[in-house]
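When reading the values below, keep in mind they use all heavy atoms of this one structure, side chains included, and skip hydrogens, waters and symmetry mates.
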Amino acid sequence: MKKNNTENKKYKALGIMGGTFDPIHYGHLVTAEEARCQFNLDVVVFVPSGKPPHKKDYRVSDAKHRYLMTVLAVVTNPFFDVSRIEIDREGYSYTIDTVKAFRKKYPWSEIFFITGADAILEILTWKKVEEIMDHCRFIAATRPGYNLSDLDKKFKAILPEYSNRVETIEVPALAISSTDIRRRVAMDKSIKYLVPEAVEQYIWKNNLYKS
């Protein structure tokens, strides 16, 4: 099992990759690696959400399964790690709580929160968004050709002082989605090459996404 390699280490730049990871797939992994390379991150910590407040439209899989799939997916990359911080926290998982915890633990590090451009567009609905921006910069991952005009307009109109806190990267593998993977599993369709082989085997072995 992958150990928490971020314990007691000092990093110049640290990435946080948040998400439900239900399941984690190559789009997540490619995004994290691209962010690591482009922004010279010392490590990217994957943080599976515990009880996400924005995922009320479907039943999220048990945190145990999502955590173990994430560990299996990142175990071969020495620059990736996994944190249980949100899984072990009671109540809803809010980004502000996670970012503040990392800021407290790594006060010397520049922190980058990695997420999709779609999530960034909803950031104004997040809890204490201005405080989040004070603690970290955001890396918004987009598909090639994605129109970023809405993102630019929203920040310049409502949070102009934070518009320079959001960076963007293009990731072709973002065409892969967890929603489609769950749908394919429910229909007994192949998900090979959409997720790491160990994650694929874990999904079938534990009969996930069948109902």
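Shortest non-hydrogen contact noted between P48 and S83 is CD-O, 3.3 Å. The shortest heavy-atom contact between V199 and A73 is CG2-CB, 3.9 Å. What you find for A198 and L72 is that their closest heavy atoms are O-CD1, 3.9 Å. Between V195 and P23, the closest heavy-atom pair is CG1-CG, 4.4 Å.
Partners of R184 by side chain to side chain contact (heavy atoms under 4.5 Å, CB included), not counting sequence neighbours, listed by chain and number: D180, K189, I191, L194. Under the ring-ring contact (aromatic ring centres under 6.0 Å, His included) criterion, Y162 pairs with no residue, sequence neighbours left out. With sequence neighbours left out, F46 forms a ring-ring contact (aromatic ring centres under 6.0 Å, His included) with F21, F80. Taking R89 as the reference, T98 meet the side-chain hydrogen bond (donor to acceptor under 3.5 Å, both in side chains) condition, with sequence neighbours excluded.
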For residues 25-32, which side-chain donor-acceptor pairs fall under 3.5 Å, sequence neighbours excluded?
| from | atom 1 | to | atom 2 | distance (Å) |
| --- | --- | --- | --- | --- |
| H25 | ND1 | G27 | N | 2.9 |
| H25 | ND1 | H28 | N | 3.4 |
| H28 | ND1 | H25 | N | 3.1 |
| T31 | OG1 | G27 | O | 2.7 |

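Relative to the ring axis of F113, R137 does not place its NZ or CZ within 45° and under 6.0 Å from the centre.
Although no hydrogens or angles enter the test, the distance criterion places a donor-acceptor pair under 3.5 Å between the side chain of D42 and the main chain of A13.
Tracing side-chain contacts under 4.5 Å through hydrophobic residues (I, L, V, M, F, W, Y), one never reaches I181 starting from M187; they form parts of separate clusters.
With rounding to the nearest 0.5 Å, the separation of CD in Q201 from NZ in K192 is 7.5 Å. Annotation: the span from R183 atom CZ to S177 atom OG amounts to 8.0 Å, rounded to 0.5 Å. From Y11, atom OH reaches atom NZ of K105 across 9.0 Å, with rounding to the nearest 0.5 Å. In this structure, the separation between CD1 on I96 and CZ on R103 is 11.0 Å, given to the nearest 0.5 Å. Note that the CZ atom of R182 and the CD1 atom of I203 stand 10.5 Å from one another [nearest 0.5 Å]. Taken to the nearest 0.5 Å, the CD1 atom of I85 stands 9.5 Å off from the OG atom of S93.
Here E110 does not pair with K12 in a salt bridge; the nearest charged N to carboxylate O distance is not below 4.0 Å. Remark: D188 engages K210 in a salt bridge, criterion side-chain N to carboxylate O under 4.0 Å.
Within the 4.5 Å cutoff, side-chain heavy atoms of N77 are placed close to those of E33. Counting heavy atoms from C-beta outward, V43 and L41 have side chains that stay 4.5 Å or more apart. Looking only at side-chain heavy atoms (C-beta outward), I114 and V44 come within less than 4.5 Å of each other. Looking at heavy atoms from C-beta onward, V166 lies in side-chain contact with M133 at the 4.5 angstrom threshold. With a 4.5 Å cut-off on side-chain heavy atoms, F138 and E167 do not count as touching. With a 4.5 Å cut-off on side-chain heavy atoms, R66 and S49 count as touching. Using a 4.5 Å cut-off on side-chain heavy atoms (C-beta onward), I169 and I139 make contact.
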Between V74 and V82, is a side-chain contact (heavy atoms from CB on, under 4.5 Å) present by the stated rule, with each step listed? CA-CA 8 Å; V74 309; V82 187; 3.4 Å; yes
Let's go through E130 and L159 carefully: what are the C-alpha distance in whole Å and the side-chain angles of both, what is the deciding distance for side-chain contact (heavy atoms from CB on, under 4.5 Å) to 0.1 Å, and is it a yes or a no? CA-CA 8 Å; E130 293 187 9; L159 289 175; 3.5 Å; yes
Test side-chain contact (heavy atoms from CB on, under 4.5 Å) applied to K100 and E131, step by step: CA-CA 9 Å; K100 286 176 68 176; E131 190 175 351; 3.5 Å; yes
Given V185 and L208, is the side-chain contact (heavy atoms from CB on, under 4.5 Å) satisfied, shown in steps? CA-CA 8 Å; V185 172; L208 300 182; 6.0 Å; no
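Using modelled atom types and a 3.5 Å distance limit, the side chains of S178 and D22 yield no donor-acceptor pair.
Around CD of E197, the count of heavy atoms belonging to other residues, nucleotides or ligands within 6.0 Å does not exceed 12.
Residue pairs meeting the ring-ring contact (aromatic ring centres under 6.0 Å, His included) criterion with at least one partner in residues 172-211, sequence neighbours excluded, are H65-Y202.
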